[in-house]
Each structure stands twice: as structure tokens, then as C-alpha cells.
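Just below is one structure, and these are the notes that go with it.
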Amino acid sequence: FGGANCEGSMGQTLRETFPQVDRVFVGDSEERLLAELEALRRKTPHHIEEENVGRGRIDDLDKLPIPDFSAYFDRLDTLAERDRIEPGLAFETSRGCWWGMKHHCRFCGVNGDGMKFRSKSPERLIDELEALTTRWGNNKLEAVDSILAPRLVPKLFDPLASKDRKYEIFFQVRADMTHDQLRRVAEGGLTWVQAGVESLDSELLELMDKGVTLLENVAFLRNILEIGLRPLWYLLHGAPGERSGAFESIIDRIDWFEHLPPPVALVPIHIDRFSPYYLDPKRFGVTEIRPLEAYEHIY
């Protein structure tokens with residue numbers, strides 16, 4: 001087992017509780033997994049100590065291999081629905097969150113214990129995108145990063161803009177990107193974004209510690225509309241401390257925003273593990289944290 005539900009104490013507890021689980025990998029586990037598989041192949045003593053599940057971390061992401069999607073495309077070609085499916089190639093430029101290291105959004109638990117930001121070199125990324133799109137004949141690319149790093153605007157997207165091969169790239173981005181930054185990433189192949197807009201009220205944005213204001217969010221939505229990017233964003237509600245009638249001000253302003261790309265959904269805030277709301281609930285007046293009902297069926 002590995003992944004988000006093995007972060008922190010969960011991985012150790014999973015292995016202690018379920019004898020059916022032989023191994024648990026926490027964090028960046030590519031190197032540890034390969035070492036364990038090699039030990040099993042050679043039938044040597046287990047590489048990973050049985051009594052403790054440590055968190056792996058890889059700082060030099062350039063050492064990681066380029067993903068191999070052979071099994072996916074082999075299976076895809078056998079499906080009757082093949083003509084209806086337009087796959088995108090997943091790729092990764094970084095791990096962790098550069099913004100969260102200095103300004104952790106209160107509802108976010110995405111990075112678990114792996115907040116420290118690390119990234120691949122621009123040279124490696126350019127080669128990787130070329131290799132992926134050439135091998136699979138597909139120019140649709142979907143970044144799995146927590147957030148687009150500003151350093152990639154001049155170091156990755158500017159060089160991509162000058163290449164003959166044109167990409168269609170998805171990224172998650174902060175809503176404080178400038179008009180110039182958005183224009184440059186669009187010229188380099190960014191076509192659609194998931195944006196951390198979250199609200200159209202400065203008071204609610206401050207309550208969530210988003211680090212942006214209403215005017216910055218409106219300017220961002222206006223800019224991506226002008227530049228031609230496809231946006232995906234949500235309105236969040238239910239933040240701890242949210243006052244009664246907090247959305248009335250947004251409703252009163254709807255006419256101001258009717259020309260801008262609308263949110264795709266109104267989403268309640270969850271108290272996610274590893275978020276500030278979870279780690280310091282008393283500070284935010286959070287009480288009665290309990291597991292989602294689904295966990296009763298899973299465990």
C-alpha cells in the first residue's frame with residue numbers, strides 16, 4: 001500500500017491493524033519500492049524494517065524515470081468506447097507546495113507531511129514533455145503538481161513557446177498570477193487551469209488565509225477570459241468562523257461578474273487531515289471532528 005492514505009500515522013497503523021497488508025510505503029517511495037522488489041526477487045532479508053514505516057523523500061526529481069503508459073494505452077485500444085475517450089498524459093514538474101511552505105491555506109491537507117517544495121530542472125522537463133508526446137502521439141498534458149511554480153514561467157513556458165510542437169497543458173495555479181505571467185504560459189501551451197479562486201468576498205478569503213483578495217480574483221478571471229484560457233474553479237463554503245449571511249454580499253455582486261467565467265460548483269469545506277483546521281482545531285473553533293461515513297465500510 002502507498003499514497004495519501006498512508007501519510008503520517010496512517011501507514012504505520014494500517015500495517016499494524018491488517019495482517020493481510022505486507023508492505024506500506026509512505027511519501028516518495030520509488031527508490032524504496034524498487035529496493036524492496038529487488039530484495040524479494042533475490043529472496044534476501046526484507047529491505048524495509050518491519051517495526052517502523054518511515055517517510056521517503058526524493059530531493060533530486062531529475063533522477064525519476066519518465067512515466068511509461070504502455071499498459072494504459074494497450075487496454076484503451078481494446079475498449080469499444082475508444083473513439084469517445086480523449087486521454088491526457090499525466091506529468092509532474094514538482095512535489096510539495098512552494099506557497100504552502102510559507103502560507104498554508106487553512107483547508108488544505110493535500111501534501112500531508114511532504115510540504116517541502118522540490119522541482120525538476122527546466123531542461124529535464126522540456127525533454128520529458130517531448131518524449132511523452134512523441135511516444136504516445138498525444139499533445140494533451142495534465143500536470144499533477146499541487147501548484148504551478150512561478151519560476152517555470154520564464155524557464156519552461158517561454159522556451160516551449162518557441163518550439164514547433166505545440167502542447168495543450170493543464171495546471172493548477174494561484175489566482176494572483178499577473179496578466180503577463182498568464183499570457184506567457186498561454187503562449188507556451190497552457191490551455192486550461194484549475195484556479196484557487198475559492199471565493200468572491202475578501203472577508204471569506206482572509207478567513208481561509210488564501211493570500212488573495214476579491215479584486216485580485218476578479219482581475220484573474222478577467223485576465224484568463226481575455227487571454228483565452230479555460231478556467232475551472234469552485235466557490236467554497238462552510239469555513240470555520242464563517243458568519244451567517246456571508247454569501248449575501250456575493251449574491252449582491254453577481255451582476256458585476258456575469259461576464260466572467262462562472263464557478264463549476266459550490267463545495268463545502270472538509271476538515272482534511274494535515275490541514276491547519278485539522279492540526280490546530282481549537283484555534284479555529286473546530287469541534288467534533290469525525291471520520292467520513294465511508295470509512296466504516298472501508299475498514
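Quantities reported herein were computed from a predicted structural model and do not represent experimental measurements. If you read the sequence from its start, that first residue is 1, and numbering goes on from there.
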Exam field: side chain [X] to backbone [Y], donor-acceptor pair closer than 3.5 Å:
X      : Y      : result
Arg15  : Phe18  : no
Asp145 : Thr93  : yes
Glu7   : Asp113 : yes
Asp201 : Leu204 : yes
Arg124 : Asp62  : yes
Arg84  : Arg82  : no
Ser275 : Ile271 : no
Asn223 : Ala219 : yes
Gln12  : Ser9   : no
Glu206 : Glu203 : no

Are [Y] and [X] co-members of a hydrophobic cluster defined by side-chain heavy atoms under 4.5 Å apart?
X      : Y      : result
Ile250 : Leu236 : no
Ile269 : Leu200 : no
Leu229 : Leu160 : yes
Trp256 : Ile251 : no
Val264 : Phe247 : no

Considering only heavy atoms from C-beta outward, does the side chain of [X] approach that of [Y] to under 4.5 Å?
X      : Y      : answer
Phe171 : Gln194 : no
Thr134 : Arg165 : yes
Glu242 : Leu207 : yes
Phe157 : Ile169 : yes
Leu266 : His237 : yes
Pro154 : Asp158 : yes
Arg95  : Phe117 : no
Leu132 : Ile66  : yes

[X] side, atom [atom1]; [Y] side, atom [atom2] - distance, nearest 0.5 Å:
X      : Y      : atom1 : atom2 : result
Met115 : Trp98  : CE    : CH2   : 12.5 Å
Leu225 : Leu221 : CG    : CG    : 8.5 Å
Arg23  : Cys6   : CZ    : SG    : 13.5 Å
Tyr72  : Trp136 : OH    : CH2   : 11.0 Å
Leu129 : Leu156 : CG    : CG    : 6.5 Å
Lys116 : Asp28  : NZ    : CG    : 11.5 Å

**Asked** Under 30°, 30 to 60°, or over 60°: which ring-plane class applies to Trp99 and His103, parallel, tilted or perpendicular?
**Response** tilted
**Message:** Can you pull out every ring pair (Phe, Tyr, Trp, His ring centres under 6.0 Å) where at least one residue sits in residues 191-225? Sequence neighbours excluded, please.
**Reply:** Phe170-Trp192
Could you tabulate the donor-acceptor pairs under 3.5 Å formed by side-chain atoms of residues 146-153, not counting sequence neighbours?
from, atom 1, to, atom 2, distance (Å)
Ser146, OG, Asn111, OD1, 3.1
Ser146, OG, Asn111, ND2, 3.4
Arg151, NH1, Ser119, OG, 2.9

**Request:** For the pair Asp68 and Arg135, find out whether any cationic side-chain nitrogen is under 4.0 Å from an anionic carboxylate oxygen.
**Result:** yes
**Under-4.0 Å salt bridge between Lys63 and Glu31** =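 Yes, Lys63 and Glu31 are salt-bridged.
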**Message:** For a salt bridge (Lys or Arg N to Asp or Glu O under 4.0 Å) check, start with the C-alpha distance between Glu36 and Arg32, then their side-chain angles and the critical distance, and finish with the verdict.
**Reply:** CA-CA 6 Å; Glu36 176 71 0; Arg32 301 182 70 208; over 6 Å; no
**Asked** Yes or no on side chain to side chain contact (heavy atoms under 4.5 Å, CB included) for Phe1 and Phe25, after CA distance, side-chain angles and deciding distance?
**Response** CA-CA 6 Å; Phe1 278 68; Phe25 296 88; over 6 Å; no
Compare every heavy atom of [Y] with every heavy atom of [X], then report the nearest pair and how far apart it is.
X      : Y      : value
Ala4   : Met10  : O-CE, 3.4 Å
Leu235 : Ser199 : CD2-CA, 3.7 Å
Pro281 : Ile289 : CB-CD1, 4.1 Å
Pro240 : Tyr277 : CD-CZ, 3.4 Å
His104 : Asp209 : O-OD2, 4.1 Å
Tyr278 : Arg273 : OH-NH1, 3.5 Å

Could you check whether atom [atom1] of [X] has more than 12 heavy atoms from other residues, nucleotides or ligands sitting under 6.0 Å from it?
X      : atom1 : result
Arg75  : CZ    : no
Lys163 : NZ    : no
Glu38  : CD    : yes

**Message:** Let's go through Glu130 and Asp127 carefully: what are the C-alpha distance in whole Å and the side-chain angles of both, what is the deciding distance for side chain to side chain contact (heavy atoms under 4.5 Å, CB included) to 0.1 Å, and is it a yes or a no?
**Reply:** CA-CA 5 Å; Glu130 179 71 22; Asp127 290 343; 5.7 Å; no
**Asked** Hey, mind stepping through Val193 and Leu232 against side chain to side chain contact (heavy atoms under 4.5 Å, CB included) and telling me if it holds?
**Response** CA-CA 6 Å; Val193 297; Leu232 175 69; over 6 Å; no
**Step-by-step side chain to side chain contact (heavy atoms under 4.5 Å, CB included) determination, Ile227 to His179** = CA-CA 8 Å; Ile227 291 168; His179 188 282; 4.1 Å; yes
**Message:** With salt bridge (Lys or Arg N to Asp or Glu O under 4.0 Å) as the criterion, how do Asp59 and Arg57 come out once you've worked through the C-alpha distance, each side chain's angles and the decisive distance to 0.1 Å?
**Reply:** CA-CA 6 Å; Asp59 289 317; Arg57 193 177 83 191; 3.0 Å; yes
